[in-house]
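Just below is one structure, and these are the notes that go with it.
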There are 2 protein chains.
Amino acid sequence: MTEGFIEERDLDDVAVGAAILGTGGGGDPHIGRLLAHAAVRAHGPVRMVGLDTLPDDAVTAMVAMMGAPTVMLEKLPSAEQAAHAVRALASYLGKTVTHLVCAEAGGVNALVPVVAAAELGLPLVDADAMGRAFPELQMVLPTMYGITATPMSIADEKGNRGIFDTTDNKWAERLARSATIDMGCSAMISLFSMSGAQARESLVPGTLSLCAELGRLVRQARAAHRDPVAAVVDRLGGAELFRGKVVDVGRRTEGGFARGEATLDGFDGHTGERFLLRFQNEHLVAVRDGAVVASVPDLICVLDVEAGTAITTETLRYGQRVRVIAAPCDPRWHRPEGIDLVGPRYFGYDHDPVRVAAGAMA
Amino acid sequence: MTEGFIEERDLDDVAVGAAILGTGGGGDPHIGRLLAHAAVRAHGPVRMVGLDTLPDDAVTAMVAMMGAPTVMLEKLPSAEQAAHAVRALASYLGKTVTHLVCAEAGGVNALVPVVAAAELGLPLVDADAMGRAFPELQMVLPTMYGITATPMSIADEKGNRGIFDTTDNKWAERLARSATIDMGCSAMISLFSMSGAQARESLVPGTLSLCAELGRLVRQARAAHRDPVAAVVDRLGGAELFRGKVVDVGRRTEGGFARGEATLDGFDGHTGERFLLRFQNEHLVAVRDGAVVASVPDLICVLDVEAGTAITTETLRYGQRVRVIAAPCDPRWHRPEGIDLVGPRYFGYDHDPVRVAAGAMA
């Protein structure tokens with residue numbers, strides 16, 4: 001990435017890296033890449049601002065796709081729709097938005113802000129609100145800092161718009177999720193408008209740079225016939241958990257989410273072992289031979305066994321040969337209030353978070 | 001009613017009349033009455049403006065409860081919540097609302113605008129948008145005049161608010177219905193902001209005066225030991241369809257509506273006859289011995305056999321002795337575009353509207 005700008009040639013690396021950090025969710029990276037290429041080609045490179053140089057009085061806003069990634073595959077979002085959501089929020093706030101922010105790292109949602117920034121001619125902050133992807137909109141670090149998701153806007157591709165102003169961020173999730181379902185299970189949202197000072201305190205710095213770096217590491221490892229998965233694990237300080245073949249995927253679009261589980265049969269030192277991935281848009285829990293070996297809030301990523309690229313939960317299918325890795329999340333997620341927001345019990349699993357030891361390779 | 005003002009002593013008559021025109025829906029008249037008494041006692045009489053004297057450049061807004069009347073019985077709306085919805089709409093419009101309007105005649109929804117007008121110190125237009133009650137928000141005459149429901153606001157009793165701005169009025173219904181369900185199956189909405197000129201063209205004039213008159217006729221007939229039901233039928237130019245006892249009520253809260261059907265066994269000249277009422281918040285279709293004898297868009301009202309007061313669909317119960325009357329709706333509802341909006345087929349019944357002949361007493 002040229003210092004301070006996201007150019008068209010950076011987008012593929014960003015998409016590859018974002019899909020890895022997206023832990024299976026955040027939408028299909030191919031769609032994000034297509035949209036971002038078109039937007040940057042049309043409007044030129046997007047200026048990227050470090051979190052540390054963001055002015056205190058900046059007016060930031062996040063922009064993201066909400067809904068089931070399975071549906072986004074068929075109902076493509078547009079740059080116009082993303083810009084629409086940001087404009088609707090700015091108009092309701094009666095303020096000019098000065099900087100856009102990524103809500104999450106994920107195939108679509110790391111790139112939707114790039115698309116919107118190009119379309120609106122706004123700079124983008126090199127940060128995100130999770131350091132990964134999570135399925136519900138209140139699951140961002142700013143919630144832990146008391147920053148409100150609302151006023152938030154929601155826009156569909158048909159021209160319908162909504163604004164929600166709620167008593168807490170979980171109510172914002174609830175109302176926006178229902179509107180998303182009505183809108184056909186995917187919608188564009190703009191939310192969590194905050195000052196530069198609030199952004200510096202509550203966001204994860206350097207996410208877009210990290211996405212680009214991960215993408216570059218994968219690309220370079222492949223070019224040099226080195227192992228791209230090992231390069232990713234090394235960079236993230238994580239561990240490889242499993243190698244195996246997908247033998248079953250149960251998937252349902254439920255409550256506006258893509259929910260399900262995938263079963264893998266091991267190979268390469270895992271022969272005879274069975275691995276289970278439980279997901280809700282993102283991978284939440286990894287179980288090896290009946291024992292939970294990793295869980296939210298840490299990252300569980302499913303990568304192609306050789307290419308090292310991420311496989312999203314909606315594209316998991318029988319016969320894929322994959323490697324499952326885990327990596328530590330932003331440490332703030334492990335605070336008690338973080339575990340309340342995104343720990344296994346929130347998602348209905350009856351166990352505490354399982355953290356993975358760095359370097360424990362398969 | 002003192003010319004031009006709704007005073008506290010008028011409210012009981014208005015509530016009785018509104019419950020009759022509400023065709024079983026529009027919410028419990030007792031709740032509307034309680035709220036209106038409190039608001040008028042606190043803030044003084046509400047000024048009422050005739051539709052014909054409304055200034056062309058008036059900025060009107062409707063305010064109403066949305067949801068299942070069964071739920072409103074347990075989760076009382078408040079004057080504050082009604083005012084909240086109007087303020088949220090005005091703020092989004094960036095305009096000062098000059099006059100409030102009733103969306104429908106109905107126990108709660110004829111009086112919610114009185115409550116909001118008292119609370120906000122605004123005049124109320126002597127009109128409504130249906131001349132009766134209907135269950136969905138696009139089912140108003142202004143929809144036939146191309147007037148958009150949105151921007152609309154929605155507010156719950158907890159402090160959550162939303163704004164919708166949609167491509168058509170059916171989308172407004174869809175998004176607002178989901179939000180209403182999330183908010184606990186009842187919410188306060190403000191919508192259909194229009195100019196005085198648009199209001200004059202598209203609304204039903206004199207609704208609040210008619211409600212007060214119907215209430216007075218019932219009260220006076222009872223005081224004089226005359227038949228209050230006959231007085232209502234006579235005033236509305238309608239007909240009595242049936243006299244009978246409620247022997248069965250099937251009721252479910254479904255999709256945010258109170259849906260169901262009631263079965264009556266006849267007496268007083270209807271002995272041996274069986275009568276069926278199908279409702280979705282409001283009575284939609286009346287069937288006598290297997291033949292449809294009245295249907296939307298005309299009014300089907302269930303009145304207490306002696307008191308002449310309306311029985312709402314959510315308070316129908318075994319053993320009630322009732323008289324069922326039908327009355328003609330605003331003639332514009334019988335235009336083809338009106339039948340598309342509110343005819344029996346819209347509600348899933350496979351027959352054309354059945355109109356009742358005036359004066360055909362039981």
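In what follows, chains are A, B, ... by sequence order, proteins preceding strands, each numbered from 1. Everything numeric here is computed off the predicted structure, so don't read it as measured data.
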>> Checking B:A129 now: which residues fulfil side-chain contact (heavy atoms from CB on, under 4.5 Å) with it, not counting sequence neighbours?
In response: B:M62, B:V140, B:P142, B:L203
> For B:M152, is it the side chain, the backbone, both, or neither that has a heavy atom closer than 4.5 Å to a heavy atom of chain A?
Replying inline: neither
> Tell me, which pairs form a salt bridge (Lys or Arg N to Asp or Glu O under 4.0 Å) where one or both residues lie in residues 145-155 of chain A, sequence neighbours left out?
Replying inline: none
How about the chain A/chain B donor-acceptor pairs under 3.5 Å, what are they, with distances?
residue : atom : partner : partner atom : Å
A:N160  : OD1  : B:T167  : N            : 2.7
A:N160  : OD1  : B:T167  : OG1          : 3.2
A:R161  : N    : B:D165  : O            : 2.7
A:R161  : O    : B:D165  : N            : 2.7
A:R161  : NH2  : B:D165  : OD2          : 3.2
A:I163  : N    : B:I163  : O            : 2.7
A:I163  : O    : B:I163  : N            : 2.7
A:D165  : N    : B:R161  : O            : 2.7
A:D165  : O    : B:R161  : N            : 2.7
A:D165  : OD2  : B:R161  : NH2          : 3.2
A:T167  : N    : B:N160  : OD1          : 2.7
A:T167  : OG1  : B:N160  : OD1          : 3.2
A:R174  : NH2  : B:D182  : O            : 3.0
A:S178  : OG   : B:D182  : OD1          : 3.2
A:S178  : OG   : B:D182  : OD2          : 2.5
A:D182  : O    : B:R174  : NH2          : 3.0
A:D182  : OD1  : B:S178  : OG           : 3.2
A:D182  : OD2  : B:S178  : OG           : 2.5

